[in-house]
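The figures that follow rest on heavy atoms only: side chains count, while hydrogens, waters and symmetry mates do not.
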Amino acid sequence: MLLSQISVFLVSCIGVIILTPPTIFFAKKLGLVDDPKTHKHPAVIHKKTLPRGGGLPIYLSILLGILFLLPDSTVFLPVLISGGLIVIVGLLDDRYDLSPYLRFGANIVCAAIVVFSGIHVPFITNPLGGILHFSNISYPIFGFDLSLGSLIAVVWVVWIMNMLNWSKGVDGQMPGIAAISAIVVGFAALRFPVLTESNILISQAAFIVAGASAGFLFYNFYPAKIFPGYSATILGFMIGVLSIMSGVKLATALLVMGVPAADFVFIFIRRIMQHKSPFRGDREHLHHLLLKLGMGQRRIAISYWIVSLLLGVFALNLSSRGKLFAIILVVVVVGSVILTLRFLLRKINEESI
């Protein structure tokens, strides 16, 4: 069984390696580029013009991998269609810098398409004991009676998409985290007393996503030859959806992405408290603080990967209660590190004046 997962991983990885060079060529021709002279986003740290649109070869590899490598791809058709819409919106943003509110609305629509196809969160394991069921609780929204499980699924997928998107500030950082997270989700899908064909299928799909992420690293690791662009939110979308399909392994997925998730929460809260839009970027993410202290992009990206890998190992071996405590610990540690780095940087700035 493991041989099958390794095979689809390698094929997907090679697919992205082959598809990315022509993407770089056409991205330059079509103006899908990030020019630091004209792109005044505060989080821009690169010095030269680089192509965007990295989500396109990633999506094509995932699409072809699922359609041609899996024995039954019909279950993934709504996911692939919705994913295609995500990439189209992302490419338009890579070209025209769309409003973040428009992008966010598109995220919700794409997640809703998947939910209406039947993918939702029927229950989660209560860390304190028992099962929390959501299917019998519903709310009327826009004329539809949506179950609480459906609403949770939409929120979860949209959150994972944006949380990983906020983690691409350093070359190679986001694809590496996505690859490790997808592998963990793939293994988690197999951790049931009785394995079904559905479990195996979802695990293979997760390894296809992991392979696509890993293949993109050949071109995105520092110094990057191409940026993921907003189209690469396809990775967060696939991981969010597959973590639900794998048997509601939300805590497992959340723990392996614990550092970018905690960073997202603190950034979101800080922007709200400062009366700023949470969608407007800045240079206050954890990776930006590490850059300001002189840590190189490669070291930052690899550090994120190592922590994600360790958390992924814990996630696969901890009980539900253990995962809850681990998630709380990660939030506390990341919050403490962010506060400490901000204090150190403030002291350094004061001493340099």
* Please step through side-chain contact (heavy atoms from CB on, under 4.5 Å) for the pair Phe266 and Val331, ending with a clear verdict. => CA-CA 9 Å; Phe266 284 110; Val331 171; 3.9 Å; yes
* Report the C-alpha distance between Gln173 and Lys168 in whole Å, list the side-chain angles of each, state the deciding distance to 0.1 Å, and finish with yes or no for side-chain contact (heavy atoms from CB on, under 4.5 Å). => CA-CA 6 Å; Gln173 177 183 342; Lys168 63 184 184 187; over 6 Å; no
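- Each ring pair (Phe, Tyr, Trp, His ring centres under 6.0 Å) pair with one or both residues in residues 66-108, not counting sequence neighbours, appears once here: Tyr101-Phe279, Phe104-Phe279.
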* To do: Please step through side-chain contact (heavy atoms from CB on, under 4.5 Å) for the pair Ile160 and Met257, ending with a clear verdict.
  => CA-CA 9 Å; Ile160 296 298; Met257 294 182 284; 3.7 Å; yes
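- Two residues are said to be in side-chain contact when any heavy atoms from C-beta on lie closer than 4.5 Å; Ile272 and Pro278 meet this criterion.
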* Go through the steps to decide whether Phe221 and Trp305 satisfy the test ring-ring contact (aromatic ring centres under 6.0 Å, His included), and finish with yes or no. => CA-CA 12 Å; Phe221 192 53; Trp305 302 349; 5.4 Å; yes
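- The hydrophobic cluster containing Leu255 does not contain Ile328, counting ILVMFWY residues as joined when their side-chain heavy atoms lie under 4.5 angstrom apart, directly or transitively.
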* To do: Start with the C-alpha distance between Val11 and Ile208, add both sets of side-chain angles, then the distance that settles side-chain contact (heavy atoms from CB on, under 4.5 Å), and finish with yes or no.
  => CA-CA 8 Å; Val11 172; Ile208 288 174; over 6 Å; no
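- Placement of Ile81 and Ile234 in two distinct hydrophobic clusters is found when ILVMFWY residues are connected by side-chain heavy-atom separations under 4.5 Å, directly or transitively.
- At a threshold of 4.5 Å between side-chain heavy atoms, the hydrophobic network of Ile, Leu, Val, Met, Phe, Trp and Tyr places Ile348 and Leu341 in one connected group.
- Side-chain atoms of Ser336 and Val332, non-hydrogen and from C-beta on, do get closer than 4.5 Å to each other.
- The aromatic rings of His288 and His285 sit tilted, their planes meeting at an angle between 30° and 60°.
- A distance-only check finds no donor-acceptor pair linking the side chain of Asn107 to the backbone of Val158 [under 3.5 Å].
- Summarising the geometry, atom CD1 belonging to Ile18 is positioned 6.5 Å from atom CD1 belonging to Ile14; distances are rounded to the nearest 0.5 Å.
- Atom NZ of Lys292 is surrounded by more than 12 heavy atoms from other residues, nucleotides or ligands within 6.0 Å.
- Remark: the backbone N or O of Leu250 is not paired with any side-chain donor or acceptor of Trp156 at under 3.5 angstrom.
- No chain of hydrophobic side-chain contacts below 4.5 Å, direct or via other Ile, Leu, Val, Met, Phe, Trp or Tyr residues, connects Val170 to Tyr230.
- The pair Arg52-Asp97 counts as a salt bridge, with a side-chain nitrogen and a carboxylate oxygen less than 4.0 angstrom apart.
- Side-chain polar atoms of Ser246 and Ser243 form no donor-acceptor pair below 3.5 angstrom.
- More than 12 non-hydrogen atoms from other residues, nucleotides or ligands lie less than 6.0 angstrom from CD of Gln274.
- Asn220 places none of its side-chain heavy atoms less than 4.5 Å from the side chain of Lys225.
- In terms of hydrophobic clustering, with Ile, Leu, Val, Met, Phe, Trp and Tyr side chains grouped at heavy-atom distances under 4.5 Å, Ile177 and Ile338 are assigned to a common cluster.
- For Arg271 and Trp166, the positive end sits near the middle of the six-membered ring, less than 6.0 Å away and at most 45° from its axis.
- Looking at heavy atoms from C-beta onward, Ile152 lies in side-chain contact with Leu148 at the 4.5 angstrom threshold.
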* To do: Go through the steps for Phe227 and Tyr219 under the test ring-ring contact (aromatic ring centres under 6.0 Å, His included), then give the verdict.
  => CA-CA 8 Å; Phe227 287 151; Tyr219 303 96; over 10 Å; no
* Going through the distances and angles, do Thr20 and Thr23 end up as a side-chain hydrogen bond (donor to acceptor under 3.5 Å, both in side chains)? -> CA-CA 5 Å; Thr20 301; Thr23 300; 5.6 Å; no
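- Aromatic rings from Phe314 and Phe325 are positioned such that their centres are separated by 6.0 Å or more.
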